[in-house]
Amino acid sequence: MLVAAAATGTSGPGLLQKLGRVLKEKAAGDFQRVFKGTEKTRAKLGVVDELFAYWTLEESEDTLEALEDALISADFGPKTALKVADAVRGRIRAGELKSAAQVKGALKSALVDVLTVPGGDLALPDARPGVVLVVGVNGGGKTTTIGKLAHKLRGEGASVLLAAGDTFRAAAAEQLAGWAERAGATIATASSARQRPDALMYSALERAMKEGTDVLICDTSGRLHTNDNLMQELSKCKRALGKRLPGAPHEVLLVLDGTTGLNMLNQAREFHEVVGLTGLVLTKLDGSARGGAIASVADELRLPVKFVGVGETVADLQPFSARNFVDALFPDV
Ligand SMILES: Nc1nc2c(ncn2[C@@H]2O[C@H](COP(=O)(O)OP(=O)(O)OP(=O)(O)O)[C@@H](O)[C@H]2O)c(=O)[nH]1
Ligand SMILES: [Mg+2]
């Protein structure tokens, strides 16, 4: 009866804190979706297996250079590619790796290390409401991600309120309302055409607190990270939430379009500087051969990837597992 209990505000303590972990455990068996969703990036990296097929200890330096190039061509970024190649090089020199299979294993674990940043689960506080602010450039997949996430949280018995903070695009609130209906969440929309998004979020949070809602998720308009005014607006939204509830928002998630490639690093840097991100969501991985770029963002900004989007259905939002991601990109043949 968790659903009813949560809806009436009587769910037991700890529900919110557990949600992130529960979502991850449930998705652990969903490797196939991640595998399918990384098809294009994997194809791009197919050359790595060819390199290993001809690997010899004597010529390992050439292979490592070719490996670095292969990672760069799949958008891993020069710094990350070098870091990974160096980690493998160090282990070859230490005499730890003697076969191509061992070198491949070392490559994979170096990548898992790069992609593993502490705090990868959705982190919500013990007391409700947990507040999640979702930001990113235009069309990256923010609203879709919010809908999928709301669906998952409702499935775990949490009550969810969605704040239609995209007051810029006319159809945005309707799109979010569609997701709210499908997910069984409620929605808070602007009280007038002139209401600013920070004011809207402040009052949505007030409502969530009054109604005993477990999780408030705030949508925002897409904006370019180079547009100062719009970035400042985002900062205001964050402040408004914190003013109403100290500590809120508990999560500030940046949605990155998986087809963007390495330019996502600049986006992430700017958004992080202005609003202080707590995590990343990588969407549209299914349509991209450039998924490797996320490794650079995680590595250089030390931000955890929390979810990946590998398709348009609800089940296609997956809690991120570095191990699964790397296994999907470099399957053992
Ligand atoms: N294939 C695929 N499509 C996705 C994924 N996530 C989102 N999309 C699609 O990307 C398009 C844009 O998604 P939205 O959620 O509207 O993006 P947004 O960031 O809210 O866009 P704005 O509000 O205009 O900035 C939609 O057609 C989604 O269905 C994904 O993981 N895979
Ligand atoms: Mg949107």
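As the structure lists them, so they are numbered: ligands from 1, and atoms in each ligand from 1.
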N or O pair under 3.5 Å between T145 and ligand 1
no

Are R323 and F31 in a cation-pi setup, meaning NZ or CZ lies under 6.0 angstrom from the ring centre and within 45 degrees of the ring axis?
no

Indicate yes or no: does an N/O atom of L285 lie under 3.5 Å from an N/O atom of ligand 1?
no

Please say whether more than 12 non-hydrogen atoms of neighbouring residues, nucleotides or ligands are located less than 6.0 Å from CD in E59.
no

Ligand 1 atoms in contact with N138 (distance to a heavy atom under 4.0 Å)
25 (O)

K284 to ligand 1: N or O pair under 3.5 Å?
yes

Check whether D75 reaches the backbone of A293 with its side chain - one donor and one acceptor, N or O, closer than 3.5 Å.
no

Would you say T283 and ligand 1 have an N/O pair spaced under 3.5 Å apart?
no

Heavy-atom contact under 4.0 Å between V310 and ligand 1?
yes

Between ligand 1 and Q175, is the shortest N or O to N or O distance under 3.5 Å?
yes

To check your reading of the model: name the closest protein heavy atom to atom 18 (P) of ligand 1, its residue, and the distance in Å.
K142 N, 3.4 Å

Looking at ligand 1, does G140 have a heavy atom less than 4.0 Å from it?
yes

Pairs of nitrogen or oxygen atoms closer than 3.5 Å, one from D219 and one from ligand 1: do any exist?
no

Taking a cutoff of less than 4.0 Å between a non-hydrogen atom of the residue and any ligand atom, is Q318 in contact with ligand 1?
no

G311 near ligand 1, heavy-atom distance under 4.0 Å?
yes

